[in-house]
Amino acid sequence: MRLLADENIDVRIIRILREKGFDVTSVYEIAPGTEDTEVLRLAVAEQRIVLTCDLDFANVLSLPIQQHNGVCLLRTRIPDYRMRVLHLLA
């Protein structure tokens, strides 16, 4: 699976995904500060699913690109959701 991890995805999650065999490109590593529309455009160009915690990606009006490979929005009420995700992926 090809993923594009938004800047808000913890590096520990990216590392574990890579260790599990996922093809993960990190916005933080390649283009920090990139606007959401550009992140989605990059994901489309590279045929990747966006992995993010940013609710703006859930708003189809703010990101009007019609065709993309998907957005995985990580949201939880657990205070340290990153640790929960790490536990689930381990």
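FYI, the numbering just counts along the sequence from 1. Computed from a predicted model, the values in this text were never measured in an experiment.
- With hydrogens and angles ignored, the 3.5 Å screen pairs a side-chain donor or acceptor of D10 with a backbone N or O of R12.
- Nearest heavy-atom pair across I49 and V71 is CG2-N, 4.1 Å.
- Pairing each heavy atom of A43 with each of V50, the nearest pair is CB-CG2, 3.5 Å.
- The hydrophobic cluster analysis finds V11 isolated: no Ile, Leu, Val, Met, Phe, Trp or Tyr side chain comes under 4.5 Å of it, directly or through other members.
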Table please: side-chain donor-acceptor pairs of residues 22-33 below 3.5 Å, with sequence neighbours left out.
{"residue": "D23", "atom": "OD1", "partner": "R48", "partner atom": "NH1", "Å": "3.2"}
{"residue": "D23", "atom": "OD1", "partner": "R48", "partner atom": "NH2", "Å": "3.2"}
{"residue": "D23", "atom": "OD2", "partner": "R2", "partner atom": "NH1", "Å": "3.0"}
{"residue": "T25", "atom": "OG1", "partner": "R48", "partner atom": "NE", "Å": "3.3"}
{"residue": "T25", "atom": "OG1", "partner": "R48", "partner atom": "NH2", "Å": "3.1"}
{"residue": "S26", "atom": "OG", "partner": "Y28", "partner atom": "N", "Å": "3.3"}
{"residue": "S26", "atom": "OG", "partner": "E29", "partner atom": "N", "Å": "3.4"}
{"residue": "E29", "atom": "OE1", "partner": "R18", "partner atom": "NH2", "Å": "2.8"}
{"residue": "E29", "atom": "OE2", "partner": "R18", "partner atom": "NH1", "Å": "3.2"}

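- The side-chain contact (heavy atoms from CB on, under 4.5 Å) check on E19 picks up R15, I16, with sequence neighbours excluded.
- Two residues are said to be in side-chain contact when any heavy atoms from C-beta on lie closer than 4.5 Å; L73 and T52 meet this criterion.
- Closest approach of C53 to I9, counting heavy atoms only: SG-CD1, 3.8 Å.
- Put simply, the side chain of I14 does not reach to within 4.5 Å of the side chain of L51, judged on heavy atoms.
- The CG atom of L3 lies 6.0 Å from the CG atom of L17; values are rounded to the nearest 0.5 Å.
- Atoms OG1 and CG, from T34 and L40 in turn, are 12.5 Å apart once rounded to the nearest 0.5 Å.
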